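For reference, the structure is listed below as structure tokens.
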Amino acid sequence: MADIIISFKNLNVVFPYKGKDIKAVENTSLNIYRGEVFGIVGTSGAGKSTLLRTINLLQRPTQGEVFVNGENISGLKGNALRKLRTGIGMIFQQFSLINTKTVYDNVAFAMEAVGKSKMEIQQRVPEVLELVGLSDRAKSYPAKLSGGEKQRVGIARALANNPYILLCDEPTSALDLENTNAILKLLKEINENLGITIVIISHEMDVIKKICNRVAVMSGGKIIETNEVFNVFTAPQEPFTQSLVNHTLNFELPERIRQNTDLKLLKIVYSGEKAEEAVISDTIKNLEVEINILHGKIEYITNKPFGVLIVQITGNPEKVKEAQNYLTTRVYKVEEL
Ligand SMILES: Nc1ncnc2c1ncn2[C@@H]1O[C@H](COP(=O)(O)OP(=O)(O)OP(=O)(O)O)[C@@H](O)[C@H]1O
Ligand SMILES: [Mg+2]
């Protein structure tokens with residue numbers, strides 16, 4: 001059985017606001033396994049940050065419990081709380097660096113804060129700066145760095161005290177695509193090489209798709225769906241999840257195809273290891289229809305292919321119907337357009 005590192009049990013976080021109660025997190029139970037990259041996705045105000053912040057008690061639960069390494073942390077105070085936080089690094093959308101300190105001192109500060117010795121700091125800071133690829137920027141101030149570099153400092157700071165969990169609250173939302181990809185790659189390497197469990201929040205399925213093993217979909221303070229990322233993309237259960245993944249997988253048909261309304265068009269969605277070419281050629285051979293591939297797109301989600309083909313199918317109407325049924329048995333989904 002997989003080893004649970006973080007567990008929420010009937011967790012509620014309520015904020016009193018103007019005489020009313022805002023239920024930021026409602027009756028949430030969830031297990032996160034040691035060594036995984038776990039995603040939490042949802043729209044603004046869903047409660048993602050609030051949920052994440054209960055893991056290191058930046059946010060205290062109103063009701064229910066949070067377990068880290070099997071220990072109920074909900075009531076921790078003083079030294080026990082400091083010890084918990086030393087084992088949990090965190091990075092933020094806006095990096096949260098100290099602008100008056102150099103890169104080196106930003107990282108050193110996190111170690112001073114938990115009472116590490118000068119010697120430990122002098123040894124560790126260059127190590128983590130090297131790890132994030134910033135050895136040559138140790139003396140720079142944050143204002144002189146690009147967004148991607150600032151987040152690398154954030155990551156170095158979060159790793160300075162050798163945490164076993166890394167919490168990431170929208171770590172790439174302030175970055176362009178190139179820097180987003182580079183930071184996600186770095187986080188994945190940290191997960192794989194150092195064995196650090198990562199919990200990452202995003203409002204974009206694209207980010208989740210690139211780095212996570214499993215994902216929880218949050219809406220209105222509740223987790224409405226939890227699954228392997230591949231399953232969430234190929235078979236989303238909830239309408240809200242469907243709308244999130246559609247953004248990534250639906251593509252506009254080219255103008256020339258859309259304008260020709262006489263064509264019998266099928267959208268074929270296939271997943272996993274099935275080779276789509278074999279399916280198409282088998283259909284053509286067995287059912288004596290013609291199939292032209294007009295448009296196609298393949299996504300790789302956790303290294304497994306997930307593809308969409310738009311095909312035109314022609315031939316004897318009976319055979320066309322049969323071919324469509326046959327296709328349906330061989331691929332994930334067939335839709336008439
Ligand atoms: N300290 C607070 N006091 C009062 N209400 C709060 C507080 N923090 C969060 N909330 C409210 O709780 C709800 C959830 O907020 P939260 O920040 O967890 O959402 P989120 O999913 O992280 O959103 P975003 O994508 O915008 O960061 C929102 O309605 C928010 O306004
Ligand atoms: Mg948030």
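Everything quoted here is computed from the prediction, not taken from an experiment. FYI, side chains are in, hydrogens and waters are out, and symmetry mates aren't considered; it's all heavy atoms of this structure. Note that ligands are numbered from 1 as they come in the structure, with each ligand's atoms numbered from 1 the same way.
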Legend entry - Residue pair N179 / Q151, side-chain heavy-atom distance below 4.5 Å: no
Inset, instruction - May I ask you to check whether Q324 and K264 show a side-chain donor-acceptor distance below 3.5 Å? - result: yes
Legend entry - Side-chain donor-acceptor pair present, N161, R124, cut-off under 3.5 Å: no
Legend entry - Salt-bridge present (K144, E149; N to O < 4.0 Å): no
Inset, instruction - Could you please provide the protein residues found below 4.0 Å of ligand 1 on a heavy-atom basis, arranged by chain and number? - result: F15, I22, A24, T43, S44, G45, A46, G47, K48, S49, T50, E170
Legend entry - Side-chain donor-acceptor contact under 3.5 Å, E225 with T241: yes
Legend entry - Donor-acceptor pair between N31 and S7 side chains, under 3.5 angstrom: yes
Inset, instruction - Confirm or rule out an N/O/S atom of S49, from backbone or side chain, lying less than 2.8 Å from the Mg ion (ligand 2). - result: yes
